Amino acid sequence: MSRSAHPAGPRHADVLPEGHYTAPADDLNALDPKVWAHTVGRDADGVVTAGGIAVTQLAEEYGTPAYILDEADFRDRARAWRTAFGTDADVFYAGKAFLSRAVVRWLDEEGLNLDVCSGGELATALSAGMPAERIAFHGNNKSPEEIERAVRAGVGRIVLDSFQEIVRVAHIAESLGKRQPVQIRITVGVEAHTHEFIATAHEDQKFGIPLAGGQAAEAVRRALQLDGLDVIGIHSHIGSQIFDMSGFEVAAHRVVGLLKDVRDEHGVELAEIDLGGGLGIAYTSDDDPREPHEIAKALSEIVTRECEGARLRTPRISVEPGRAIVGPTAFTLYEVGTVKPLEGLRTYVSVDGGMSDNIRTALYDAEYSVALASRTSDAEPMLVRVVGKHCESGDIVVKDAFLPGDLAPGDLIAVPATGAYCRSMASNYNHAMRPPVVAVRDGAARVIVRRETEEDLLRLDVG
Ligand SMILES: *Cc1c(COP(=O)(O)O)cnc(C)c1O
């Protein structure tokens with residue numbers, strides 16, 4: 001859909017400011033199933049419901065802001081990925097998108113594996129009973145303590161990110177009398193974002209070991225010589241919020257090229273390749289993400305074709321979706337406070353949260369949708385910017401959207417697709433207390449991460 005600077009019908013329509021907005025939807029009360037969790041709808045009174053519970057009831061019970069997470073939807077999406085990739089491939093949920101013990105148990109029950117990238121994430125995974133052999137440990141600067149903990153726990157793989165780490169992990173594993181399964185993370189010079197990818201990107205980033213200049217081959221050469229390491233495969237992660245599969249095609253081509261070089265030099269066919277995560281979701285109605293089965297089919301065809309070309313056995317594929325599983329399953333519920341129309345510009349709608357519960361708009365210029373949730377309205381659409389309550393003018397939750405013109409303090413509004421990278425990147429800026437995550441399912445709600453309290457804040461401040 002083309003973006004229009006002059007949509008029809010909004011209030012203050014005489015001079016519309018610049019922005020990335022499409023014309024308001026015909027019906028502002030409609031909830032596009034693309035951007036909302038599966039069980040979200042409206043009840044007979046027009047109140048938005050999730051998991052069969054009205055948001056008015058959720059707000060009363062748990063307060064606002066709150067992340068409302070649809071457990072059935074999470075499980076459906078996790079299962080869809082699992083089923084799409086079948087038994088010849090592994091799906092590692094990227095815990096950094098959002099991790100809690102309830103989520104770990106759901107993943108375990110649905111047969112997914114788990115990526116962690118810090119000691120804290122590892123501790124969460126282990127404390128919820130995720131079998132260590134189904135955990136992968138990532139990171140560009142894992143501490144010796146973190147590595148030791150992961151090796152002792154028996155994680156299924158550590159993804160090695162540098163030459164120093166090859167030696168560090170080998171040394172720690174050896175000193176513990178273990179042989180640690182590892183993958184080597186390489187950068188293949190592909191950078192992918194949303195609708196575009198760059199096949200000749202500079203490998204100018206902190207993650208991975210560049211394929212360029214033979215560095216990745218040298219990393220494999222060194223790792224194969226170390227007794228503490230069992231080199232099981234190669235890892236590549238090319239970007240985020242990707243819709244176009246052609247970046248993966250180029251990446252797979254280059255990874256398989258390395259596998260072939262390794263075979264030719266060492267007579268070893270590495271058994272696995274991990275193509276990372278980064279699959280996109282719909283934040284607005286303009287986004288059209290692929291289904292897991294389409295992604296699985298495309299990736300498997302690409303890898304099989306490349307391996308046939310190189311006369312290699314097809315390795316076991318793994319992928320690491322984070323956002324694509326948890327992103328669409330939650331929305332953030334806010335209460336409207338101040339509503340400030342700026343004549344000829346737009347109306348600023350202030351909510352009781354902001355950049356402390358959703359930093360993505362400020363950080364990445366991310367786009368979001370928003371809906372009036374506590375009632376429906378037939379009022380004319382007005383162009384709004386949904387902002388938080390923080391002392392920072394970049395504190396924007398939804399940059400450009402339309403809400404009904406009769407929006408008033410006390411209304412509840414909901415911002416969909418906030419399941420990924422919102423609670424996990426939340427902060428205490430301005431001493432905000434981070435919102436709870438409330439899981440809803442079959443008419444029941446339960447808190448899986450509770451709201452922070454003043455005591456929580458003050459407990460850390462030891463005077
Ligand atoms: C961030 C990350 C992921 C998950 O990315 P999503 O965009 O949430 O799918 C997977 N693998 C690695 C190595 C990552 O850094």
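It should be emphasised that the depicted structure is a prediction, and the values quoted were computed from it without experimental measurement. Side-chain atoms are counted along with the backbone in the values below, which use heavy atoms only and exclude waters and symmetry mates. Indexing begins at 1, ligand by ligand and atom by atom, following the structure's order.
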Identity and separation of the nearest protein heavy atom to atom 3 (C) of ligand 1: His237 CE1, 3.5 Å
For ligand 1, which atoms sit closer than 4.0 Å to a heavy atom of [X]?
X	result
Arg323	6 (P), 7 (O), 8 (O), 9 (O)
Gly322	6 (P), 8 (O), 9 (O)
His235	13 (C)
Pro321	9 (O)
Gly277	9 (O), 10 (C), 11 (N)

Would you please indicate yes or no on a ring centroid separation below 6.0 angstrom for His237 and His138? no
May I ask which of Glu320, Arg185, Lys96 has a heavy atom nearer to atom 2 (C) of ligand 1 than the others do? Lys96
Nearest non-hydrogen contact to atom 7 (O) of ligand 1 from the set Ala94, Gly278, Ala420 belongs to Gly278
Distance-only N or O hit between ligand 1 and Tyr421, under 3.5 Å: yes
Check Arg316 with Asp88, please: is the shortest side-chain N to carboxylate O separation under 4.0 Å? no
Does the structure place the NZ or CZ of Arg185 under 6.0 Å from the centre of the six-membered ring of Phe207, at an angle of no more than 45° from the ring's axis? yes
Just jot down the ring pair (Phe, Tyr, Trp, His ring centres under 6.0 Å) partners of Phe74, sequence neighbours excluded, or say none. Tyr93, Trp106
Residue pairs passing the ring-ring contact (aromatic ring centres under 6.0 Å, His included) test where at least one lies in residues 250-304, sequence neighbours excluded: Tyr283-Tyr368
Given that the side chain starts at C-beta and the backbone is N, CA, C, O, which of these parts of Phe207 lies under 4.0 Å from ligand 1, counting heavy atoms, or is it both or neither? neither
Is it true that, when you exclude Asp204 itself, more than 12 heavy atoms of the residues, nucleotides or ligands shown sit nearer than 6.0 Å to its CG? no
Answer with yes or no whether the side chains of Glu320 and His235 bring together a donor and an acceptor at under 3.5 Å. yes
